[in-house]
Protein chains: 2
Amino acid sequence: MASLAAELGVSRTTVSNAYNRPDQLSPELRRRVLETARRLGYPGPDPVARSLRTRKAGAVGLLLTENLSYAFRDPAAIGVLEGLALACEGAGVGLHLVPASPGRDDVAAVHRAGVDGFVVYSVPDDDPHLAAVLARPVPTVVIDQPRVEGVDRVGPDDAAAITELADHLVGLGHRKVGVLCMRLARDRNDGFVPVERQQNAHFHVQRTRLEALAKAFARVGVDWAEVPVVERFDHTVDDGASAARQLLDSYPQVTALICTSDILALGALAEAERRGLRVPADLTVTGFDGIAEAERAGLTTVHQPVLEKGRAAGKLLLASADHGAPRVITLNTELRIRNTSAPPRTMEEHWFGP
Amino acid sequence: MASLAAELGVSRTTVSNAYNRPDQLSPELRRRVLETARRLGYPGPDPVARSLRTRKAGAVGLLLTENLSYAFRDPAAIGVLEGLALACEGAGVGLHLVPASPGRDDVAAVHRAGVDGFVVYSVPDDDPHLAAVLARPVPTVVIDQPRVEGVDRVGPDDAAAITELADHLVGLGHRKVGVLCMRLARDRNDGFVPVERQQNAHFHVQRTRLEALAKAFARVGVDWAEVPVVERFDHTVDDGASAARQLLDSYPQVTALICTSDILALGALAEAERRGLRVPADLTVTGFDGIAEAERAGLTTVHQPVLEKGRAAGKLLLASADHGAPRVITLNTELRIRNTSAPPRTMEEHWFGP
DNA sequence: ATGAAAGCGCTAACAT
DNA sequence: ATGTTAGCGCTTTCAT
């Protein structure tokens, strides 16, 4: 830029103005500046230098707990991403996906990200990347989890939502239930979950849902310590199927499988079919999220507005006027009763048919 | 940072080293620096200033022709994104989604993006955002389109791929065909496409496919000027259905509908069902891409490795050693003949049954 | 309407 | 092992 100014015999200020404040220049001069720039191969102001000077990066960072590519496998995550992208697009700011693998604790990527703020989507409360984000002097919005003191948050009321679902099942008469849940902590534990691990789960959403389920079933006399809960570290339909298999192999008397995501529930449905169990006659299966595939499958589930979740987070972040109190946006959820939930078969029905 | 150094009675270099080159410091001093930093609330080196100094942003930009959120609706685009994210993650660099709406010609977002390079995915050759990207002094890789002189590119051999498909249809005996294609230029034209518009299409991929189809059918005596081609600006299953409706309303004698994407083909399938046309007995339908939904639907299509496409582009960009000749990666495609293509019914069959 | 001066926060040579 | 010096390229008062 210096050489350009020299060549033109003007100051650098003038060149800068030619790009950033056309009204501060005679149109004629501006034209000359731009043309000379082209001739000399000057590509326009360097965005990084500009960011340093203006203290604005023009981008927001997104931190996920998972491999970046995970976000593109899970329909619910895609919905959140889409909503967030929408909000960013509306404001003309970029969306910077931070490369944070769950395995390696390499937090450097968070430090390196030139962004004006972060959206953190569904990470465990002890995630080192999260700590790194919070240490940065930029605003942050958390989607779903964890709850962090003083930090904005967007998410559903998980306890209320799943309580409604539990009450539905209780009302149908289910007492022998099993649960399929997602990862509860950063360490892999593909299998049954002792109550202690449930209570200490670092993924707040899962912990809340399990707690709410325990409470709802306790009200009708079910001892939660007796309820089998199977955890899966990875989140695919196949994992849901294998979890269902593991649970039903040991607890064939279960009449309802409560899954903390639609993905897992879809897998449970597949496993039920494999075993020749009719849903919902022989087995009730429920999900959580309300993704399109679940609707197609007729799954009874709790629907949450994932796109809205992403968008709300983006808007919150971009509207970060130095607020005093942290803001919390609670999204509406809706129990959608479809074709995978029904009363359990009684013993009579079991032996003599309905 | 200056005040931190002052407080500690050391130079700024030492503070910098504490963060960036632990080996240049006594562990003891380093510990003291980091602790004092915490106490003083110094959040660590500013990423933007560091980028300015090191000339490395630690991120690659992604430019899409569409609303950012479009990328999250199209399974093929998601695949590309995932592959690209994978490559970025592997290298520890961020993925910066550039907010470039197709409508507004606001190129500023491209100028503002602090990135070390760009991946451009499927944009028209006259896209102003593309021009802005190429003007930046950073390496660029194009996925699919357009072809730009001297710029790296990753994509399938569209002509060869669709020629194979055309030959399949020709072999089955189809001569009365119709085509459903995606957007051919930046202006909206939802309807039939005159040959001239086909030849002047700014989306190179679509143009290539149409040209190859024309050539393949010309070889068996079909006059391409007589072949109906319907274009859709938006790319949804519903658009595919409405395009099929528009085409079949005017050309009911068509025996095969060639769609330039699986999404459009899925819509065509829906429309065929709506009209009571059996596929493939009454109507052959083909797609392009090989997305999961297409496989489920049993669609005859051309499969291309979308994830690999994104990953290859990312690797190419990240390995941008000042190469002499531009590099081109051609991906393998594969004709997948499934249940939506069959010989056309003859007139006899039509009147008297098979 | 244009220019001069100052500095955003950092790191990389090159000393010592 | 630590300090000195010199910018990276830009924008922004404030003057003229």
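Chain identifiers are assigned alphabetically (A, B, ...) following the order of the sequence lines, protein sequences preceding nucleic acid strands; residue numbering begins at 1 within each chain. Just so you know, these numbers come straight off a predicted model, no measurement behind them.
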Pairs meeting criterion salt bridge (charged side-chain N to carboxylate O under 4.0 Å, His left out) with involvement of [range], two or more places apart:
range                       : result
residues 41-53 of chain A   : A:D46-B:R55
residues 112-122 of chain A : none
residues 132-151 of chain A : A:D144-A:K309

inquiry  = Any base atoms under 4.0 Å from A:N20, or only sugar-phosphate, or nothing? Heavy atoms, all strands.
reply    = sugar-phosphate

ask   = Contact class for A:R30 (heavy atom, under 4.0 Å): base, sugar-phosphate, or nothing?
value =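 Touches nothing.
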
query = Which is the 5'-most and which the 3'-most nucleotide of DNA chain D that has an atom under 4.0 Å from a heavy atom of chain A?
reply =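 For DNA chain D, the relevant span reads D:dG9 to D:dT12.
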
Backbone N or O of [Y] within a donor-acceptor pair of the [X] side chain at under 3.5 Å?
X      : Y      : value
B:Q206 : B:L184 : no
B:R30  : B:P22  : no
B:S51  : B:K56  : yes

ask   = Contacts to DNA chain C from residues 4-14 of chain B, heavy-atom cutoff under 4.0 Å, which residues?
value = B:R12, B:T13

task = Identify, residue by residue, the members of residues 32-54 of chain A with a heavy atom below 4.0 Å from DNA chain C, and return them in order of residue number, or none.
result =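 The answer is A:L52, A:R53.
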
Could you give the side-chain donor-acceptor pairs of residues 5-12 of chain B under 3.5 Å, partners two or more places apart or in another chain?
unit_1	atom_1	unit_2	atom_2	d
B:S11	OG	B:T13	N	3.3
B:S11	OG	B:T14	N	3.4
B:S11	OG	B:T14	OG1	3.3

Table please: side-chain donor-acceptor pairs of residues 120-127 of chain B below 3.5 Å, with sequence neighbours left out.
unit_1	atom_1	unit_2	atom_2	d
B:S122	OG	B:Q145	NE2	2.9
B:D125	OD1	B:H202	ND1	2.6
B:D127	OD1	B:H129	N	2.6

query = When you look at B:F233 and B:D187, which way does the side-chain contact (heavy atoms from CB on, under 4.5 Å) test go after all the steps?
reply = CA-CA 8 Å; B:F233 188 82; B:D187 63 310; over 6 Å; no

note = Taken in chain and number order and not counting sequence neighbours, the residues that satisfy side chain to side chain donor-acceptor pair (under 3.5 Å) with A:R183 are A:E66

query = By side chain to side chain donor-acceptor pair (under 3.5 Å), which residues pair with B:H235, not counting sequence neighbours?
reply = B:D74, B:S261

query = For DNA chain C, which nucleotides open and close the run of contacts to chain B, 5' to 3', at under 4.0 angstrom from a non-hydrogen atom?
reply = C:dG9 to C:dA12

Identified side chain to side chain contact (heavy atoms under 4.5 Å, CB included) partner of A:P326 from the options A:V151, A:D152, A:V142 = A:D152

Sequence neighbours excluded - side-chain hydrogen bond (donor to acceptor under 3.5 Å, both in side chains) pairs with any residue from residues 36-45 of chain B =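 Pairs touching residues 36-45 of chain B that pass the test: none.
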
